[in-house]
Amino acid sequence: MLEFWNNVKAELDYNLLSQKELAAKTEISYNTIQSWITKNRLPDAGDAVKIAKVLDVSVEYLVTGSESPKKQTNDEINSIMHDIKHLSASDLTIAKTVVHRLIVPNGK
């Protein structure tokens, strides 16, 4: 099986999605997806983009198994932002102080 489909399967498992759900969300027929997998064929670029969007990964990741450094950095920032949204007001103040001190060493 192509690495593309191995990576799609891994992302489906991670996201607790079935191939049928992927088909519905991408508006690509389930039979078409099954045919691509069975015949070990890649989808065209437009369909690969639809699949990647549903799985919230890049086409590059699906094809190669790795992300660009920019994507990895964005994922880390998004994860931090997600955590920050759950802080209390007082904890948010502390977090801002810590970040400010990391950016501006020695209080300058």
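All figures in this text were calculated on a predicted structure; none of them were measured in a lab.
Using a 4.5 Å heavy-atom threshold, the side chains of Leu17 and Leu22 count as separate. Side-chain contact between Ser35 and Tyr30 is absent, with no heavy-atom pair separated by less than 4.5 Å. Between Asn7 and Tyr61, some side-chain heavy-atom pair lies under the 4.5 Å cut-off. At a threshold of 4.5 Å between non-hydrogen side-chain atoms, the residues Ser18 and Leu12 do not count as touching. Counting heavy atoms from C-beta on, the side chains of Ile28 and Trp36 come closer than 4.5 Å.
Of the possible donor and acceptor atoms, none in the side chain of Asp91 sits under 3.5 Å from a partner among the backbone N and O of Leu87.
From His100, atom NE2 reaches atom OG1 of Thr97 across 8.5 Å, with rounding to the nearest 0.5 Å. Rounding to the nearest 0.5 Å places OG of Ser79 at 5.0 Å from CG of Asp83. In this structure, CD1 in Ile51 is found 4.5 Å from CZ in Phe4, a value given to the nearest 0.5 Å. Atoms OG1 and CD1, from Thr38 and Ile33 in turn, are 11.5 Å apart once rounded to the nearest 0.5 Å. Note that the CG atom of Asn6 and the CG atom of Leu62 stand 11.0 Å from one another [nearest 0.5 Å]. Glu3 contributes atom CD, which lies 8.0 Å from atom OG of Ser66 (distance to the nearest 0.5 angstrom).
Closest heavy-atom contact between Ala52 and Ser58: CB-C, 3.9 Å.
Residues Ile94 and Leu102 are members of one and the same hydrophobic cluster, defined by side-chain heavy-atom contacts under 4.5 angstrom among Ile, Leu, Val, Met, Phe, Trp and Tyr. Hydrophobic clustering, with ILVMFWY side chains joined whenever heavy atoms are under 4.5 angstrom apart, groups Leu42 together with Val57. Residues Val8 and Tyr14 fall into different hydrophobic clusters, defined by Ile, Leu, Val, Met, Phe, Trp and Tyr side chains chained together at heavy-atom separations under 4.5 Å. Under a hydrophobic-cluster definition in which Ile, Leu, Val, Met, Phe, Trp and Tyr are linked whenever side-chain heavy atoms come within less than 4.5 Å, directly or via other members, Val98 and Leu92 are assigned to different clusters.
By the 6.0 Å contact criterion, NE2 on His86 is enclosed, its count of non-hydrogen atoms from other residues, nucleotides or ligands being greater than 12.
Taking Asp47 as the reference, Lys50 meet the salt bridge (Lys or Arg N to Asp or Glu O under 4.0 Å) condition, with sequence neighbours excluded.
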